[in-house]
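Heads up: the structure comes next, in C-alpha cells.
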Amino acid sequence: MQEKRVNLNCTLPVPSVQELVRQQRPDAVPPRYLRDDTVVADHHRESLQDLPRIDLGKLMDLASRCTELRNLHSACREWGLFLLVNHGVSDEGMRMMKENVRGFFELPHHEKQKSAQRPGSLEGYGQAFVTFHDQKLDWNDMIFLKCHPPHARKLDLWPRNPPEFRVALEKYGEDMRKLAEAVAKYIGMALGIHEEELDLLAKSFGEGSCEVRMNYYPACPEPERAVGLSPHADTTGITLLTECGNIAGLQVLRKDNCWVTVPPVPGSIVVNLGQIMEVYSNGAYRAPDHRAVVNKEKERVSIATFCYPSPSLPVGPSPQLLAATGLPPIFQTLSNSEEFLQRFLSRKLDDAVPFIDSLKL
C-alpha cells in the first residue's frame, strides 16, 4: 500500500467558530469540536506563578549578564519556555498591534472573509492544518500572515480594515524580528557558543523569516470538552507570544507530564523554544509541548510570531557545543530551515513518531 502523506502547507476551509457562537449561541459543544479524549481529560487550571522570568535588560548589562545567563540556561533546559520582561519593544507598538488585531476580529464576517485563505495555502483568515473533512476541529479562528522577509508577504491577504492594521503589523513584525535576533544570541551564549558561531546564529535570526498568527478563541459553553489549540511543539527556532488581554489559555507540558497554565503578565512576552533550537542544542534545551484551552465566559486573543533562521544556518547540533562537551550528535544535520520545514510539512498522515524523533540518528 502506498504511504499516505499529509500536506500541512495548506488547509481545508471550515466554518468560523466566532460566527457559530454569535449566530447559534450553543449551550453545548457541537460534535465536530468535541474532544472527549486524553487531550483535555487532564484539564488543569492551576497556574505556576514562579514560571521562569528572564530580564533582557540584565542580559544586556555586563554586570548582571552571567547570573541572568544561568537563569536562561535553566529555563531553556527545564521548561523551554519563559516570560521575557524588559524586552525593549515599545508600549506604543504593542498597544497598536493589540488594538488592531482585536479590531480585525470585531469586523463583520464578510469583511474578514476578504482575507480568507486561498486554496493550497495556509496564509490568510481561517484555521490551520485541517487536512481531512471529518477531522476534529480546534475552538479558534485565526489569521496567519508572513511578515519577513518583505518579498514573502502576500499583501492581498493583509487586511485593509482596521485602517492601521497593515502599519501596525509591519512595525510589530520588525520589532519581533529584532527581538528574536537578540534572544537567539543570548540563548547561544547560555549554551556556551561564542565568537563566529554565535555571530552566525544571531545574524541568521536577524535575516530569517517571521510569520505572525493572530488567534481568536471564543467563549465556549463546555470548555472541558473542547480545545482551543491542540497539543504540539513548534517547528520554529523561536516563538514569541503576546497576550491581548488578561484571559489565561496557554498551557505548557512540564517534564512530569503535568499541564501548567502560563498566566498572562502585563508587558511581558512569552518565549517558546522551537524544535530547531532543540536540535541546535543537541537536546540540551526543550521544545515543549503546549496547547490552548478555552474559557466559558470570555474570549481570548493572542499573537504568536514564528521566527526561523535564514537558509545560511544549517539545522543541526552546534559544532562548538559538540566539541566542548565531547558528546555525539543525537540529531541529523539538515542543510537549512527550509529543508527542516519541508520534512515537517510532508510527513505521513498516520506517522505516530513525533517529528523531532524522526530526526534522531
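Quick note: residue numbers are just sequence positions, from 1.
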Short question: side chain of [X], backbone of [Y] - any donor-acceptor pair under 3.5 Å?
{"X": "E170", "Y": "R166", "result": "no"}
{"X": "N272", "Y": "V252", "result": "no"}
{"X": "S209", "Y": "H148", "result": "no"}
{"X": "S115", "Y": "G124", "result": "no"}
{"X": "S268", "Y": "V265", "result": "yes"}
{"X": "S64", "Y": "K58", "result": "yes"}
{"X": "K136", "Y": "L34", "result": "yes"}

Which residues share a side-chain hydrogen bond (donor to acceptor under 3.5 Å, both in side chains) with [X], sequence neighbours left out:
{"X": "S312", "result": "S310"}
{"X": "Y172", "result": "T242"}
{"X": "D141", "result": "S16"}

If you count heavy atoms of other groups shown closer than 6.0 angstrom to [atom1] of [X], is the number above 12?
{"X": "E164", "atom1": "CD", "value": "no"}
{"X": "E92", "atom1": "CD", "value": "yes"}
{"X": "K298", "atom1": "NZ", "value": "no"}
{"X": "R32", "atom1": "CZ", "value": "yes"}
{"X": "D156", "atom1": "CG", "value": "yes"}
{"X": "N246", "atom1": "CG", "value": "no"}

Calculate, to the nearest 0.5 Å, the distance between atoms [atom1] and [atom2] belonging to [X] and [Y] respectively.
{"X": "L313", "Y": "N336", "atom1": "CG", "atom2": "CG", "result": "9.0 Å"}
{"X": "N140", "Y": "R300", "atom1": "CG", "atom2": "CZ", "result": "10.0 Å"}
{"X": "S204", "Y": "I276", "atom1": "OG", "atom2": "CD1", "result": "9.0 Å"}
{"X": "D234", "Y": "E278", "atom1": "CG", "atom2": "CD", "result": "11.5 Å"}
{"X": "E181", "Y": "I238", "atom1": "CD", "atom2": "CD1", "result": "10.5 Å"}
{"X": "L240", "Y": "L179", "atom1": "CG", "atom2": "CG", "result": "5.0 Å"}

**OP:** With salt bridge (Lys or Arg N to Asp or Glu O under 4.0 Å) as the test, would you mind laying out the steps for K360 and D357 before giving the verdict?
**Re:** CA-CA 5 Å; K360 290 183 176 178; D357 292 341; 3.3 Å; yes
**OP:** Kindly determine whether R291 and L229 satisfy side chain to side chain contact (heavy atoms under 4.5 Å, CB included), including the steps that lead there.
**Re:** CA-CA 5 Å; R291 68 185 184 185; L229 192 63; 5.6 Å; no
Transitive ILVMFWY side-chain link [X] to [Y], under 4.5 Å:
{"X": "I356", "Y": "L273", "answer": "no"}
{"X": "I330", "Y": "V315", "answer": "yes"}
{"X": "F105", "Y": "M96", "answer": "no"}
{"X": "L191", "Y": "L198", "answer": "yes"}
{"X": "F306", "Y": "M277", "answer": "no"}

Taking the side chain as every heavy atom from C-beta outward, state whether [X] and [Y] have any atom pair closer than 4.5 Å.
{"X": "V293", "Y": "P223", "value": "no"}
{"X": "L169", "Y": "C147", "value": "yes"}
{"X": "I247", "Y": "Y217", "value": "no"}
{"X": "S121", "Y": "K154", "value": "yes"}
{"X": "V227", "Y": "W139", "value": "no"}
{"X": "P52", "Y": "N71", "value": "no"}
{"X": "H109", "Y": "Y125", "value": "yes"}
{"X": "M97", "Y": "I303", "value": "yes"}

**OP:** Hey, could you give me each pair passing salt bridge (charged side-chain N to carboxylate O under 4.0 Å, His left out) that has a residue in residues 65-74? Not counting sequence neighbours.
**Re:** none
Original post:
Nearest heavy-atom pair of V29 and C220: which atoms, and what distance?
Top reply: CG2-SG, 3.8 Å
Original post:
Shortest non-hydrogen contact from G245 to P264?
Top reply: O-CB, 3.8 Å
Subject >> From Q117, Q127, E123, residue fulfilling side-chain contact (heavy atoms from CB on, under 4.5 Å) relative to F144 >> reply: E123
Subject >> Test applied, side-chain contact (heavy atoms from CB on, under 4.5 Å); reference residue, L83; option that passes from V262, I54, L241, D55 >> reply: V262
Original post:
Are R95 and E99 ion-paired here, with the side-chain N under 4.0 Å from a carboxylate O?
Top reply: yes
Original post:
Does R102 come within less than 4.0 Å of E299, counting only side-chain N to carboxylate O?
Top reply: yes
**OP:** May I ask you to decide if the ring planes of F165 and F104 are parallel, tilted or perpendicular, using 30° and 60° as cut-offs?
**Re:** tilted
**OP:** Among residues two or more places apart or on two chains, list those pairs meeting ring-ring contact (aromatic ring centres under 6.0 Å, His included) that have a residue in residues 267-298.
**Re:** H73-Y285, H232-H290
**OP:** Please say which of K171, K178, R177 ends up in a salt bridge (Lys or Arg N to Asp or Glu O under 4.0 Å) with D175.
**Re:** K171
Original post:
Who pairs with R286 by salt bridge (charged side-chain N to carboxylate O under 4.0 Å, His left out), at least two apart in sequence or on another chain?
Top reply: none
Subject >> Pair D138-R35, salt bridge (Lys or Arg N to Asp or Glu O under 4.0 Å): steps then yes or no >> reply: CA-CA 9 Å; D138 292 341; R35 304 295 285 270; 3.1 Å; yes
**OP:** Please report the C-alpha distance between Q251 and T261 in whole Å, then the side-chain angles of each, then the deciding distance to 0.1 Å, and finally whether the side chain to side chain donor-acceptor pair (under 3.5 Å) criterion is met.
**Re:** CA-CA 4 Å; Q251 293 188 334; T261 300; 3.2 Å; yes
**OP:** Would you please indicate yes or no on a ring centroid separation below 6.0 angstrom for F340 and F355?
**Re:** yes
**OP:** Tell me, with the steps shown, if E197 and S318 meet side chain to side chain donor-acceptor pair (under 3.5 Å).
**Re:** CA-CA 8 Å; E197 187 177 325; S318 158; 2.5 Å; yes
Original post:
Under the 6.0 Å and 45° cation-pi test, does R254 pair with W259?
Top reply: no
Subject >> Criterion side chain to side chain donor-acceptor pair (under 3.5 Å) on T236 and T239, from CA distance to verdict >> reply: CA-CA 7 Å; T236 60; T239 300; 3.0 Å; yes
